[in-house]
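Order of the sequence lines sets the chain letters (A, B, ...), proteins ahead of strands, with each chain counted from 1. The figures that follow rest on heavy atoms only: side chains count, while hydrogens, waters and symmetry mates do not.
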Amino acid sequence: MFIDPNTPVEMLEMRKELLGLNDPVILQYFKWLLNLLQGQLGYSFSSYAPVTTIIGERLGPTLLLASASLIFGLLIAIPVGILSAVKQNTKFDYIMTGLSFIGTSIPQFFLGLGLIYICAVQFKLFPTGGMMTLGGPGDFWDRLRHMVLPVFVLGIVIAGKKVRYVRAGMLDVLKMDYLRTANSKGLHPFHVINKHALRNALIPIITVVAMEIPLLLGGSILIEQIFQWPGIGQLTIQSILSRDYPILMGLNLVAALIVLSTNLLTDLLYAAADPRIQYT
Amino acid sequence: MNPITHLLEIDRLQTVFWNGREEVAAIEDVSFSLRAGETIGIVGESGCGKSVTSLSIMRLLGQNGRIRRGEIRFNSRNLVAESEKELRSLRGKEIAMIFQEPMTSLNPVLTIGHQLVEMIRCHTSLSRREAKAYAMEMLKKVGLPQAKDLMSVYPHTLSGGMRQRIMIAMALSCKPRLLIADEPTTALDVTIQAQILELMKSLRKESGAAIMLITHDLGVVAEMADRVVVMYAGQIVEEADVFTLFREPKHPYTQGLMASIPRVQGENERLRAIPGTVPSIRKMPKGCRFHTRCEWAAERCRQEQPQLESVGGEHQVRCWIVQEQASPLPVSANFQHQEAGV
C-alpha cells in the first residue's frame, strides 16, 4: 500500500486495525475465503470499485479475442496439417512445415508491432488498437475491424504450433490398418481422410488445443498490451504496476478456475471423441 | 489355356518401392492366374512378397510403391492401366479384401453399422434404411445373430473372432467376384481359426467368389485351396494344384516348408527348420535366390537365375536341379514321410 510518510502513526495503526492488517496472515486468508464464498473479492486499491465488477468487465473482451483467435488458428492448422500429411514430402509439405516453423518462432510482440506499423500506420487499413472507435458507432463492423490484427497475430502463432501436431497425428493415423481397410472398400479418398482418418487424428490434438485455452483466457498479456485490448491480460499488467493486490488475487483465482475447468472439459471431450474411453 | 475362363491373370508383375534413395523390387516376375470360383493359396515366409502381390492387385501400394512392369488383368481389364477412379469402383465391389489383424482393421471411432453401411451405400443405390437392413442380414450370414445390437457397437467391445466375421461380412456385402484374404486366421485362436475357415468355405459355396488366400500356414492351404503358389524372396518358386504340391513338392524351399510343419503322430523328432532367413530385397543373391539356404545348391544355382518352368501339366518349378534332372529331386530322408495331412 502506498502510504504518505506524513501520516500520523496512530492514524496508521487505526487504519491497519480497521482493515484487519494486524491479524495473522492465516486469519486474513480465511477472511478472504469467507468473503469469496459470499461472492466478495474485495475492492481495488486504486479505483475502489469491487474486484468482481472490474474482472467481470474484462472477461468479455478476452473471451472474444481468445475464442476468435483459437477458431482462426484451428481453421488454418487443421486443413493445412491434413494436407501436409497427405502430401508428405512434397513441395507443399515442405513450404507448410517451413511456414509453421516461422509461425512458432516469430515473437508475438514483433509480429504485432510490425503489423501495426504496416497495416495501421502505413496503409491505414485497420486501427492501431482498442476494441472500438472512441465516440464511434461501436457496431459489429467497427469491432470486427479492431479485431483483425490481434486475432491474426494470436491465430498465426496458434496455427504454427498446431499444424505440426495435426500433421504428425495424421501421419500416424495414415499408417493404420483401418485406413487400408477403408481404402480397400473403394471409398472416395476425401471420405477416407475426413471421416476415417481425421476423427482418429483429432483425439490426441484435443489435449494440445485445450492446453492453449488457459494461456489465451489468462489473457495474452503481450498482445492485449500492444493492441490496447481491454482484457484480462491488460488488467493484469496494470494491477501489477499499481500493486493492486485485491485485483491480482482475483485474477489468480480466475486463472485457477480456468485451468481446472479446461482440464475437466478436456477429459469430457476425450470421452466424446473416442468411444474407447468411458467414465463410469 | 483359354483367357476367357480366367477371372484374374497376373503377368510378369514387378512392384517396386522407393526407399528414399532408390527403387527396390519387392516382387519380380510374378505370374499366375485364377479362374472364377477357384481358390488359390499363396504361401511363403514373412517378407516374401505375398502381401505386396495382393496390394498390387488392389493398387493400394501407398505413396512409395508402384507397379513398374507387368499386367494385372481382371475380367480382361488391365488394372495397371486403369484410372484411379475406375479402380475405386472395383475396390470393394468386384475385389474385396480381408486383412490379417482383425483387431486393428476396423476403425475404432466408427460403429460397426456405420462401417458396413458406408461400404454398401458406396457401391449400391440402396437407401440408408435398406442398407442397414442388408448389413444386418450380412451379419447374420457370418454367424452373428445379435446383428441389431452389433450395428451400434464400436469395434473395441468385440473379440478378434467377431471382428474377423464382421470384416468378412463387409468384404462379401457387395458380392465381389474375387476375395483376397491376407492371412485371415493368423491372428486368431486355433478354435476361432477353424470356425473362420469353415465360414469362408460355406460362404464360398454360396457366393461363388474366387478366393486368393495368402498365408504362411500350410494347414490352411491344405484345407481351403485348389491350387497353391509358393513364393520366396519376391518370386514364385513353385506352382501346382494342392494335391500335387503336397504329394510331391519339387522345389527345395517347398520341401523345407513341408518339413517344418510339426506333426503329432510318429516319433518325437526335432522340427526341421530351413536354416537362415529370407534375403533382404536390397541385397538379393546372384543366381537362384534360394541358393544361400539350399542344401542342393550347385555352381549353376549361384551364377544363373532359373526360370519358372513346367515339370508336367500345371506344375511349375523355379529350380535348376529339378529342371535339369528328368527324374525328381532325390528326396532326402527327412522329407520322405511328409504327407498332406497336417
Side-chain angles (χ1 to χ4, degrees), chain A residues 78 82-94 97 166-207 268-280, chain B residues 18 20 51 54-55 57-64 84-112 114-123 152-157 163 166-167 170-171 173-174 176 179-180 182 187:
Chain A
I78 292 177
I82 294 173
L83 270 177
S84 241
V86 173
K87 298 174 185 279
Q88 193 196 2
N89 296 337
T90 60
K91 228 176 233 164
F92 177 85
D93 183 28
Y94 291 139
T97 27
V166 177
R167 179 179 178 270
M170 203 66 186
L171 280 178
D172 279 346
V173 172
L174 286 178
K175 284 194 280 253
M176 291 294 180
D177 288 349
Y178 51 79
L179 273 212
R180 196 178 51 184
T181 309
N183 277 315
S184 79
K185 286 154 92 173
L187 303 175
H188 194 277
F190 186 82
H191 185 83
V192 173
I193 295 297
N194 290 299
K195 191 100 198 186
H196 285 256
L198 185 59
R199 280 209 47 194
N200 285 286
L202 283 184
I203 294 168
I205 293 168
I206 291 174
T207 321
L268 293 177
L269 275 177
Y270 260 133
D274 189 343
R276 285 164 295 187
I277 297 172
Q278 267 171 357
Y279 302 115
T280 44
Chain B
W18 175 253
S51 293
S54 64
L55 291 174
I57 299 172
M58 294 289 262
R59 272 204 10 220
L60 288 175
L61 293 163
Q63 270 188 343
N64 298 322
E84 182 61 29
K85 192 166 171 254
E86 281 294 319
L87 222 75
R88 219 161 41 228
S89 67
L90 283 179
R91 282 183 204 136
K93 173 124 185 66
E94 302 273 321
I95 310 175
M97 218 168 160
I98 310 171
F99 298 98
Q100 173 173 2
E101 269 296 337
M103 301 308 263
T104 55
S105 295
L106 289 165
N107 195 325
V109 301
L110 301 175
T111 59
I112 301 297
H114 182 106
Q115 298 188 52
L116 279 163
V117 167
E118 82 179 344
M119 164 119 172
I120 295 164
R121 296 202 69 202
C122 178
H123 295 294
S152 55
V153 144
Y154 289 95
H156 70 277
T157 55
R163 291 191 210 183
I166 286 162
M167 283 299 289
M170 202 185 299
S173 60
C174 295
L179 176 67
I180 301 175
D182 190 347

Within the 4.5 Å heavy-atom criterion, are L110(B) and R199(A) side-chain neighbours or not? yes
Given that the side chain runs from C-beta out, which part of L174(A) has a heavy atom under 4.5 Å from chain B: side chain, backbone, both or neither? neither
Most heavy-atom pairs under 4.5 Å with chain A, out of M103(B), Q100(B), E118(B), M170(B), belong to E118(B)
Rounded at 0.5 Å granularity, tell me how far CG in L60(B) sits from CG in L179(A). 11.0 Å
Side chain from CB out, backbone as N, CA, C, O: work out which of these in K175(A) comes under 4.5 Å of a heavy atom of chain B, or both, or neither. neither
Name the option with the most non-hydrogen atom pairs under 4.5 Å to chain A; the candidates are M97(B), E101(B), Q115(B). Q115(B)
For chain B, find which of A273(A), A182(A), P189(A), A197(A) contributes the most heavy-atom pairs closer than 4.5 angstrom. P189(A)
Engaged part of M167(B) at the chain A interface, taking heavy atoms whose separation is under 4.5 Å: side chain
First locate atom CG of N183(A), then atom CZ of R59(B), and finally report the distance between them rounded to the nearest 0.5 Å. 12.5 Å
Counting C-beta onward and ignoring hydrogens, is there a side-chain heavy-atom pair between P108(B) and R276(A) closer than 4.5 Å? yes
What part of E84(B) gets within 4.5 angstrom of chain A, counting heavy atoms only: side chain, backbone, both, or neither? neither
Non-hydrogen atoms of G186(A) and C122(B) that approach each other most closely: O-SG, 3.5 Å
Point-to-point distance, once rounded to the nearest 0.5 Å, from NE2 of H156(B) to CD of Q278(A): 5.5 Å
Which word best sums up how the rings of H191(A) and H114(B) line up, parallel for under 30°, tilted for 30 to 60°, or perpendicular for over 60°? parallel
Between P155(B) and Y178(A), is any pair of side-chain heavy atoms under 4.5 Å apart? no
Cut-off 4.5 Å, heavy atoms of chain B, and the answer for V86(A) is backbone
NE2/H188(A) to NZ/K85(B) distance, rounded to the nearest 0.5 angstrom? 8.5 Å
Flag side-chain contact, heavy atom, 4.5 Å: L55(B) against R180(A): yes
Test item: T181(A) and N107(B) side chains (from C-beta on) under 4.5 Å apart, heavy atoms: no
Counting only N and O atoms by type, is there a donor-acceptor contact under 3.5 Å from the side chain of H123(B) to the main-chain atoms of K185(A)? yes
